[in-house]
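Below is one structure, written out as structure tokens, with a few remarks after it.
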Amino acid sequence: MMRSMFSGVAGLRTHQSKMDVIGNNIANVNTVGYKTQNVTFTDVFYQTVQAASGPNAETGKGGTNAKQIGIGSTLGTIATNVSKQGGMQATDNPFDVMINGDEFFIVSDGQSNYFTKAGNFNVDEAGNLVNGSGMTVMGWQVNDAGEIVKSRVTALKVMGGDKSSASPAKTTNSNIFGNLNQKDDQFGLSNPKDCYVPFTAEFYDSQGYLYNATFHIKKLQDGTNGDYYATFLYSITDQNGDVVSQAQEVEDANKTKVYQYLNDNKALNTMRFNNTTDTIVTERDSDKTTVRIAPGQIFSLKGDITTQGLTPEAPEAVNGTYTGNFEIEIPDISKCMEGGWNKDKTEVDPATLPLALKSQKITIDFAQLTNYGTQATTSTIESKRGDSNGLGAGKAAGTLSSLAISDDGKVVGNYTNGDIITLGQIAVTSFANPAGLEKLGNNLFGATMNSGSFDGIGKDITANGDSMTTGVLEMSNVDLAYEFTEMITTQRGFQANSRIITTSDTMLEELINLKR
């Protein structure tokens, strides 16, 4: 048989294989994360008819080249173009993620790890982050301090269990601001018991229950210091408006009406502003501290609430302004009762409770409360949870409201109480020879001996300056113009090789016809 016929058959086979690859590329033109493949040919075995010879100096005859006849072509390589990134398709799905770089996502079927460029993820019923085939997305978990632990990758659980809620926090700081007008009509009411200006401070306890502490500012007289203002913690109500605890009005030894807190035999001590000497006088039992303050600053100080009243610690004069600390202890009622409340909402004697359950301390800052005279005599006193930086405001328990993935792969949960908590981080990996990865279908790649191995830990995508983009997907990197051009040349190559077979057949026919 003629060698040309076998060469033609070999050419048909190689061009058919190339057309198969082209067809697969075009079929996956809209496949998420698909990486196109390119085919190259190589020539194959040659039959040497005459070997090469060198020149002969004696005879003067020159050298001759070898005479070789090839028998066709075969596939050289089928290379995957991994480095060329596909286009970006916006989906607005927060779980769709695109890698901007050469890295791969890591997914697992529970037994083996695989690698993919397709970031079309979602959350399954168990709260795991999974891909379209149900494989879990692998990454790093967070420790109790909320820090990412970059150890061996595990399945990322982003919903359910302890991810569903955010812990509450008790209030530790509160700001009082506004203006207390000494000519406020409230101070001039006919009934002395009603002569006060109220304000409330909102706070959370350690279980996230919301309460309101109501304060009364009374304008009193003292034979030694003249007129002064006294601030009393009057009552505490829960978020339903029910009274949790309330002070009662009594007379001290000087027949001055003050408040006495429930379950406490001592009268509340007071915070005073003397109208004539511009000083604040604080008292606790027989101890007194007098510090001069700037005119117009009635409560330029910080304080904490105690069941015994405002208790000064070591005061300091800063620019003529009192900055001493006071402690206010409010009974942590929700901790004192079974399930937060007894059914009849009866109070529990604090004396019978462990010390840790008796109260919580709240620092109250009065530095922004002034005593200016204004055309309107109505006082405007407000409160805000937290210090000047918003710290210590406290919060209720929160439930998971939404999830987001940041550009470094961190999965972040947004909770109804305002908390933003990192729940884990998507890990990625890269290979020394990504083109050496084996295509496994379902947008998956597997490591081979020529691609390099996966260390089981992965890497942070920002380590090489790369990032992730959410709400978009990386599409196929197939170039249709190139594929159609390759299709034309492949078709013509196939056609030419078929002509070799038919022509060789005609030549054989002529040979047979020599014998008539």
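The model shown is predicted, which means the values in this text are computed figures rather than measured ones. Count residues from 1 along the sequence. Note: hydrogens, waters and symmetry copies are ignored here, and every other heavy atom, side chains too, is used.
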*asked:* Within the 3.5 Å criterion, strictly below it, is a donor on Tyr34 or Asn24 matched to an acceptor on the partner's side chain?
replied: yes
*Determine yes or no for a side-chain-to-main-chain donor-acceptor pair under 3.5 angstrom, with Ser451 supplying the side chain and Ala447 the backbone.*
no
*Short side-chain to backbone donor-acceptor contact, Thr116 and Ala118, under 3.5 Å*: yes
*Will you find, in the side chains of Thr40 and Thr77, an N or O donor that is under 3.5 Å from an N or O acceptor?*
yes
*Strictly by modelled atom types, are Gln141 and Thr154 linked by a side-chain donor-acceptor pair under 3.5 Å?*
yes
Which pairs would a plain distance check flag for residues 459-470, meaning a side-chain donor or acceptor within less than 3.5 Å of a matching protein atom at least two apart in sequence or in another chain?
unit_1 : atom_1 : unit_2 : atom_2 : d
Lys459 : NZ     : Ser430 : OG     : 3.4
Asp460 : OD1    : Thr462 : N      : 2.9
Asp460 : OD1    : Thr462 : OG1    : 2.8
Asp460 : OD2    : Lys150 : NZ     : 3.1
Asp460 : OD2    : Gln425 : NE2    : 3.1
Ser467 : OG     : Asn100 : ND2    : 3.3
Thr469 : OG1    : Asn100 : ND2    : 2.8

*In Å, rounded to the nearest 0.5 Å, how long is the span from OG1 of Thr136 to CG of Leu156?*
8.5 Å
*Does some side-chain heavy atom of Phe494 sit less than 4.5 Å from a side-chain heavy atom of Lys18?*
no
_Main-chain N/O of Ala145 paired with Asn143 side-chain donor or acceptor, under 3.5 Å_ = yes
*Going by distance alone, is a donor N or O of one side chain under 3.5 Å from an acceptor N or O of the other, for Asn414 and Ser402?*
yes
_Taking side-chain contact (heavy atoms from CB on, under 4.5 Å) as the definition, give me every residue that meets it alongside Leu391, ordered by chain and number, with sequence neighbours left out._
Asp387, Asn389
*Please answer whether the main-chain N or O of Thr200 pairs with a side-chain N or O of Ser383 as donor and acceptor at a distance below 3.5 Å.*
yes
*Pairs touching residues 6-17 that satisfy side-chain hydrogen bond (donor to acceptor under 3.5 Å, both in side chains), sequence neighbours left out*: Thr14-Ser73, Gln16-Asp20
*Would you mind listing every salt bridge (Lys or Arg N to Asp or Glu O under 4.0 Å) that reaches into residues 403-414, with sequence neighbours excluded?*
Asp408-Lys410
*Atom CE in Met88, atom CD in Glu474: separation rounded to 0.5 Å?*
9.0 Å
_Heavy-atom side-chain contact between Ile405 and Val412 under 4.5 Å_ = no
*Do any pairs count as a ring pair (Phe, Tyr, Trp, His ring centres under 6.0 Å) and have a residue in residues 445-470, sequence neighbours left out, and if so which ones?*
Phe104-Phe445, Phe115-Phe454
*Please confirm whether the backbone N or O of Lys84 pairs with a side-chain atom of Lys35, one donor and one acceptor, at under 3.5 Å?*
yes
*Distance-minimising heavy-atom pair for Thr171 and Ala393*: OG1-O, 2.9 Å
*Taking only Lys NZ, Arg NE, NH1 and NH2, and the carboxylate oxygens of Asp or Glu, determine whether Lys117 and Glu103 approach each other closer than 4.0 Å.*
no
_Whether the side chain of Trp140 engages the backbone of Gly458 through a donor-acceptor N/O pair (distance < 3.5 Å, no angle test) should be reported._
no
*asked:* I'd like to know if the side chain of Asn175 reaches the main chain of Gly386, judged simply by a donor and an acceptor atom lying under 3.5 Å from each other, with no hydrogens or angles considered.
replied: yes
*asked:* Please report the interatomic distance CD1(Ile106) to CD1(Ile426), rounded to the nearest 0.5 Å.
replied: 10.5 Å
*Backbone N or O of Gln37 within a donor-acceptor pair of the Asn25 side chain at under 3.5 Å?*
yes
*Residue pair Ala427 / Val153: nearest heavy atoms and the distance that separates them*: CB-CG1, 3.7 Å
_Rounded to the nearest 0.5 Å, what separates atom CZ in Phe105 from atom CG in Leu129?_
9.5 Å
Please tabulate, for the side chains in residues 415-423, all donor-acceptor contacts under 3.5 angstrom to protein atoms that are two or more places apart in sequence or on a different chain.
unit_1 : atom_1 : unit_2 : atom_2 : d
Tyr415 : OH     : Lys163 : O      : 2.6
Thr416 : OG1    : Thr399 : N      : 2.9
Thr416 : OG1    : Thr399 : OG1    : 3.4
Asn417 : OD1    : Asp419 : N      : 3.1
Asn417 : ND2    : Ala396 : O      : 2.8
Asp419 : OD1    : Lys395 : NZ     : 2.7
Asp419 : OD2    : Lys395 : NZ     : 2.7

*To the nearest 0.5 angstrom, please state how far the CZ atom of Arg385 sits from the CG atom of Leu210.*
7.0 Å
*Got a donor-acceptor contact below 3.5 angstrom from the Asn38 side chain to the Ala79 backbone?*
no
*Return yes if some donor-acceptor pair links the side-chain N/O of Asn442 with the main-chain N/O of Leu444 below 3.5 Å, else return no.*
no
*Val9 and Ile501, any side-chain heavy atoms less than 4.5 Å apart*: yes
*To the nearest 0.5 Å, what is the distance between CG (Leu473) and CG (Asp96)?*
4.0 Å
